[in-house]
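Below is one structure, written out as structure tokens; the observations come after it.
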Amino acid sequence: MNFLCICTYFKGVEFLKSCKAEGNNVYLLTNQKLQDKAWPRESIDEIFYLDNVENTFDTYQKILVGLAALMRSKKIDRVVALDDFDVEKAALVREHFRIPGMGQTTARYFRDKLAMRVQAQDAGIAVPPFSTLFHDIDITEYLQRTSPPWVIKPRSEASAAGIKKVHSFQEAWDTVHSLGDERHNFLIEQFKPGDVYHVDSLTLNGKVIFTRCSQYLNTPFEVAHGGGIFRSVTVEHESEDDAALKKMNEDVMRAFGMKSSASHTEMIKCYEDGKFYFLETASRVGGANLAEMVEYSSGINLWREWAKIETVVAAGGTYELPVVEDYYSGIVISLSSHEHPDYAPFNDPEIVWKMNEEYHIGLIVRSKSRAKVLELMEKYATMIRDLGYHASAPAPDKPVH
């Protein structure tokens with residue numbers, strides 16, 4: 001089978017390796033700026049580059065023309081987007097060349113935050129009150145019937161990029177006006193204080209076959225806009241929260257038409273009413289090294305198993321999920337004022353992974369005790385601050401490629 005993997009950020013190395021190990025020919029379409037990155041070239045048959053990776057008509061045209069030329073000699077059997085920003089590209093290619101997989105309508109549910117909310121609400125899944133920014137009267141009526149604060153979000157960015165928090169009717173309208181002709185690409189949503197969770201899962205032929213639920217100790221929004229330290233920890237196994245999160249995730253996958261893929265879904269447990277609300281989802285493996293955190297708690301490498309699932313779906317055959325382990329893991333990551341932070345003070349036996357990236361510090365711990373993981377998460381966040389390692393940067397309006 002011939003797989004075209006589209007990835008305009010440097011990630012998905014394990015997917016590429018696993019896809020090749022399954023006997024496939026692997027072609028990678030990526031960003032020209034990433035040509036010197038440590039791609040697993042032994043697992044890639046050919047790499048193609050884009051000089052502009054933005055989701056514009058010009059980029060789409062270049063992709064279609066280039067692939068049309070390629071497909072005269074090599075038939076592409078499957079197309080896989082390894083990052084959020086490539087979901088549209090992959091869906092376009094599938095639609096144009098009639099390649100099986102997620103088409104453009106379904107892809108919207110996994111990229112467009114407005115489409116997500118409308119589809120979830122229509123399916124009876126709880127979402128925070130929201131409004132489009134299309135019609136002035138609708139916006140005014142929405143602001144009058146809901147209470148601040150609100151968040152104004154881009155419909156198609158990832159993580160917390162581009163999100164603005166507003167606290168009054170006037171501030172909301174000032175922000176909407178500041179968007180100018182781009183306001184149709186945003187939505188407004190009531191900010192619900194609460195704990196934010198992420199659910200990382202694998203789906204095969206419409207059935208969720210693996211799920212691991214985790215809780216952000218510092219939300220992506222807090223980290224991006226408050227200069228905090230990113231932390232997440234596994235949810236208590238077999239708890240009420242664990243069951244509720246798994247149920248909502250399955251409801252979302254069913255409502256959004258997910259067939260076979262990895263997914264990363266976020267929910268919030270509201271402080272006011274104790275209920276879970278759906279926030280957003282993505283048809284890919286979670287970023288910020290959450291895949292490593294999930295693997296250390298479960299033994300499941302999401303990238304690797306996703307590649308196996310894609311191969312089974314494309315070529316036929318059966319898939320068997322590896323044995324799932326029930327450890328607890330936690331991750332802590334911070335920008336660092338040191339180019340290469342000294343990890344010597346971090347020496348607990350529960351540490352199973354250390355980040356190796358310039359001007360970053362990060363650790364993953366694993367234990368049979370969730371309490372121990374939480375204790376270490378607090379300890380390390382304090383150490384990172386007190387030892388002078390922590391640094392922060394202004395939140396970008398858009399993620400950096």
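The first residue in the sequence is number 1, and the count goes up from there. Please read all numbers here as calculations on a predicted model, not as lab measurements.
In summary, the side chains of N301 and E295 do present a donor paired with an acceptor at a separation below 3.5 Å, with no hydrogens or angles considered. Counting only N and O atoms by type, the side chains of Y380 and D348 include a donor and acceptor under 3.5 Å apart. Under 3.5 Å, the side chains of K75 and N2 contain no donor-acceptor pair of N or O atoms. A donor atom on one side chain and an acceptor atom on the other are found under 3.5 Å apart for N24 and T311. No hydrogens or angles considered: nothing links the side chains of T211 and S201 as a donor-acceptor pair under 3.5 Å.
Atom NZ of K246 is surrounded by more than 12 heavy atoms from other residues, nucleotides or ligands within 6.0 Å. The number of heavy-atom neighbours closer than 6.0 Å to CD of E42, taken from other residues, nucleotides and ligands shown, is above 12. For R108, the CZ atom counts as loosely surrounded, since its 6.0 Å shell holds 12 or fewer non-hydrogen atoms of other residues, nucleotides or ligands. Within 6.0 Å of CG on N356 lie no more than 12 heavy atoms contributed by other residues, nucleotides or ligands. Other residues, nucleotides and ligands contribute at most 12 non-hydrogen atoms within 6.0 Å of the CD atom of E272. Other residues, nucleotides and ligands contribute only 12 or fewer heavy atoms inside 6.0 Å of the NZ atom of K207. The number of heavy-atom neighbours closer than 6.0 Å to NZ of K275, taken from other residues, nucleotides and ligands shown, is 12 or below.
Between the side chain of R155 and the backbone N or O of L114, no donor-acceptor pair lies under 3.5 Å. When atom types are taken as modelled, the side chain of S329 and the backbone of M293 share a donor-acceptor pair closer than 3.5 angstrom.
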Report all side-chain donor-acceptor pairs from residues 315-327 shorter than 3.5 Å, counting only partners two or more places apart or in another chain.
unit_1: Y319; atom_1: OH; unit_2: E305; atom_2: OE1; d: 2.6

>> side chain to side chain contact (heavy atoms under 4.5 Å, CB included) for K20 and D45? Distances and angles first, verdict last.
In response: CA-CA 9 Å; K20 187 63 176 178; D45 292 271; 2.9 Å; yes
>> Run F130 and Y142 through ring pair (Phe, Tyr, Trp, His ring centres under 6.0 Å) and show every step you take.
In response: CA-CA 8 Å; F130 68 94; Y142 168 80; 8.0 Å; no
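Remark: R284 engages D84 in a salt bridge, criterion side-chain N to carboxylate O under 4.0 Å.
Between F256 and Y109, the angle of the ring planes lies from 30° to 60°, which puts this pair in the tilted group. Ring geometry, H264 versus H198: the interplanar angle falls from 30° to 60°, so the pair is classed tilted.
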